[in-house]
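Inspection log for the structure reproduced underneath, given as structure tokens.
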Amino acid sequence: MTLLTPEQMYRLDKRTMDDFGIPSRVLMETAGKGCADYIKENYASTNEVALVCSSGNNGGDGFVIARWLDKYGFDCTVYLVGTKEKFSAETRANYDLIEKLGLKIHEIDEEDVWKQKRLALLTADIVVDSIFGIGFKGELKGLMKVVVESINRTKGTVISVDIPSGLNALTGNSSLCVKADVTLTMASLKIGHVLGKGRCVCGETEVVPIGIPDSYFGKENPALLIEKENVTLPDRTRHTHKGSYGRVAVIAGSEGYTGAAIMACQSALRSGSGLITLFHRKELSTIFELKLTEVMTKAIPEVDGEPDVYEFISILKNYDVILFGPGIGVSDYTLMILEELLLKIEKPIVIDADGLNLISANPHLLTQIAFKDVLLTPHVGEFSRLAKVSINEIKKNRLEVLKSFTNNYKAKVLLKDSISIYSDMDSTFINTRGNDGLATGGSGDVLSGIITSFIGQKIQLGKAAIAGSYLLGVTAENLNQGKETNAITPTDIIKSLFLK
């Protein structure tokens, strides 16, 4: 499913109008009637509807909805919050129509008037929020703030047109916005529906077609919502052997952080890898020998206490994919290995955790990942250090910051958070699956193991990142069927991967 920015949506609207000679009023009519039809089909047993409309085109959609709901037999009350002087031609035309039809209209231009007239809203079965659309930026103030606060106190079903008023359609950020039970969005989901607060305040989101040809969407190169249909999992057949499912090298673990290495290896194993070798500091041999029965463990070759990078690189060239970083520590020792990996290894590499911290502390390494099969898997804090951008700035517009980074460094990145985003120079995928059961140390190690396993099983690097993120989220959701999210652990995730 596509996820558009406001600018992409505006371009699609304009192109459709230009190419087919469709007036903007026809698009408004199609959008409004589509919303009214949804309400008719899903809320036929209700009667009273309050529609809160602004003087912009989102308000114009609301006037069309009111006219059609009136025709369908609903008892409609329309609140115009704003001034008629700001009407566009199509909004003016649709307002004039509901006036001529004699619908109940309250013109609200100040807070005292709103307080006197808001009773129909507070008692309505359905409240239609048609105040601000996808062009809204900033914060709600004055009368609009008071109106939105009133909408959020109603007991009726709140339906937002295109996007909850007050929510930024690009970032999903808002200090105050409508909390919708249902959002009816035009033509496609917008980025803000799933990022930031969007995931929490949009409720059930339905797409209303408005006549834009399907072929037009792809030309905008939109972000895509990760769904089951666009997830590629490894193929397995009966006539195979362990070598058919990838030779995986994991370079991970240090004193006090052996668990990260163990979980990464175990998740790779449960994700289908045929052969896994954990490379580690020699002093950790006993721990890993005891804990990893089904994974080979080997000490990193050394000379005088330093890694023998020449021998090590020679060994690693025999593997299909390499995971570097979980719990490995930040030191000159680990930096020597990572530098050689990026310079000498042509196989896919997944870099996580301390591997990312090494790059942050040694930014020259970023020049070594351009155009290569190297996947970076940072959480927001790690990405902040990589991109040299504050966490607050990332949260203000994480998609823009991420795309800037991937374009600048020709990189492939899976940015992990409650909503995870995969981005490279060509594509963007957003994953909304999962729950707060993943908000615990070790979940990232599990994910890096899954992704590395998939790459070893011949899944292209970007597709492996998408599939791994999706599988992790779905597994956490499935676990929530049997236990509360606060009881979900990373080892629970590992044990539950691919359970039917």
Side-chain angles (χ1 to χ4, degrees), residues 249-254 257 260-261 264 279-281 300-317 319 321-394 398-416 421-426 444-445 448 451-452 455 461-462 465:
V250 178
I251 307 170
S254 61
Y257 296 93
F279 291 95
H280 54 80
R281 297 288 290 266
I300 297 169
E302 294 182 356
V303 175
D304 297 328
E306 297 294 337
D308 185 342
V309 291
Y310 302 105
E311 181 183 349
F312 196 20
I313 293 300
S314 178
I315 293 169
L316 292 174
K317 287 180 179 179
Y319 290 83
V321 60
I322 298 165
L323 169 60
F324 180 91
I328 200 167
V330 175
S331 65
D332 291 340
Y333 185 103
T334 53
L335 177 60
M336 288 174 64
I337 296 172
L338 182 56
E339 285 180 325
E340 289 299 308
L341 275 179
L342 294 175
L343 284 171
K344 304 287 178 59
I345 294 292
E346 298 300 323
K347 303 290 180 65
I349 302 172
V350 178
I351 301 178
D352 189 34
D354 283 331
L356 301 168
N357 292 329
L358 282 166
I359 295 175
S360 298
N362 301 274
H364 68 278
L365 294 176
L366 285 171
T367 63
Q368 300 300 322
I369 67 173
F371 299 109
K372 289 186 178 179
D373 255 357
V374 175
L375 176 68
L376 309 181
T377 59
H379 56 58
V380 173
E382 290 164 340
F383 183 65
S384 172
R385 294 189 288 274
L386 277 172
K388 310 303 181 190
V389 177
S390 72
I391 291 175
N392 284 338
E393 287 301 310
I394 293 170
R398 68 189 62 210
L399 188 60
E400 183 178 286
V401 176
L402 178 58
K403 291 302 294 184
S404 175
F405 180 88
T406 56
N407 287 334
N408 286 343
Y409 294 105
K410 312 301 184 286
K412 301 174 179 69
V413 178
L414 177 66
L415 177 57
K416 302 177 296 190
I421 309 174
Y422 171 78
S423 177
D424 56 32
M425 290 179 293
D426 302 315
D445 304 313
S448 65
I451 294 170
T452 305
I455 297 170
L461 186 142

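The shortest non-hydrogen separation linking Gly329 to Asp354 is N-OD2, 2.6 Å. When all heavy atoms of Val380 and Arg398 are compared, the closest pair comes out as CG2-NH1, 4.0 Å. Taking all atoms of both residues into account, the shortest heavy-atom contact from Ile315 to Pro301 is CD1-CG, 4.3 Å. Taking every heavy atom of both residues into account, Ala465 and Leu414 meet most closely at O-CD2, 4.1 Å. Considering every non-hydrogen atom in both Val413 and Pro378, the closest pair reads CG1-CD, 3.8 Å. Heavy-atom minimum distance, Gly327 versus Ser254: O-OG, 2.7 Å.
Ser448 pairs by the side-chain hydrogen bond (donor to acceptor under 3.5 Å, both in side chains) definition with nothing, not counting sequence neighbours. Residues passing the side-chain hydrogen bond (donor to acceptor under 3.5 Å, both in side chains) test with Glu302, sequence neighbours excluded: Tyr333. For the side-chain hydrogen bond (donor to acceptor under 3.5 Å, both in side chains) test, residues two or more places apart in sequence or in another chain that qualify with Thr334 are Ser331. Residues satisfying the side-chain hydrogen bond (donor to acceptor under 3.5 Å, both in side chains) test with Tyr257, not counting sequence neighbours, are none.
Annotation for Glu400: atom CD does not count as buried by contact number, only 12 or fewer foreign heavy atoms lying within 6.0 Å. More than 12 heavy atoms of other residues, nucleotides or ligands shown are found within 6.0 angstrom of CZ on Phe312.
A distance of 10.0 Å separates CG of Asn408 from CG of Leu366, quoted to the nearest 0.5 Å. Here the straight-line distance linking atom OG1 of Thr452 with atom CG of Asp352 works out to 8.5 Å at 0.5 Å rounding. The structure places CD of Glu306 at 9.5 Å from CD1 of Ile337, a figure rounded to the nearest 0.5 Å. In this structure, CZ in Phe383 is found 9.0 Å from CD1 in Ile421, a value given to the nearest 0.5 Å. Summarising the geometry, atom CG belonging to Leu323 is positioned 9.0 Å from atom CD1 belonging to Ile455; distances are rounded to the nearest 0.5 Å. Atom CD of Glu339 sits about 8.5 Å away from atom CD of Gln368, to the nearest 0.5 Å.
Evaluation of the side chain to side chain donor-acceptor pair (under 3.5 Å) test over residues 383-392, restricted to residues two or more places apart or in two chains, returns Asn357-Arg385.
Panel note: side chain Lys412, backbone Gly462; no donor-acceptor pair is recorded below 3.5 Å.
Side-chain contact, Tyr310 with Asp308: no donor N or O sits under 3.5 Å from an acceptor N or O. For the 3.5 Å distance criterion, the side chains of Asp424 and Thr406 fail to qualify, holding no donor opposite an acceptor.
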task = Evaluate the side chain to side chain contact (heavy atoms under 4.5 Å, CB included) criterion for residues Phe405 and Val389: first the C-alpha distance (whole Å), next the side-chain angles of each, then the deciding distance (0.1 Å), finally the verdict.
result = CA-CA 10 Å; Phe405 180 88; Val389 177; over 6 Å; no

ask   = Which is it for Leu338 and Ile251 under the side chain to side chain contact (heavy atoms under 4.5 Å, CB included) test, yes or no, and what are the steps along the way?
value = CA-CA 10 Å; Leu338 182 56; Ile251 307 170; over 6 Å; no

Can you list, pair by pair, the side-chain donor-acceptor contacts under 3.5 Å of residues 341-349, counting residues two or more places apart and other chains?
residue	atom	partner	partner atom	Å
Lys344	NZ	Glu340	OE1	2.8
Lys347	NZ	Lys317	O	3.0
Lys347	NZ	Tyr319	O	2.9

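In this structure, Leu415 and Tyr422 have side chains that are not in contact, with every pair of non-hydrogen atoms separated by 4.5 Å or more. Side-chain contact between Tyr409 and Leu386 is absent, with no heavy atoms from C-beta onward closer than 4.5 Å. Proximity of Leu461 to Ile451: side-chain heavy atoms (C-beta onward) are nowhere separated by under 4.5 Å.
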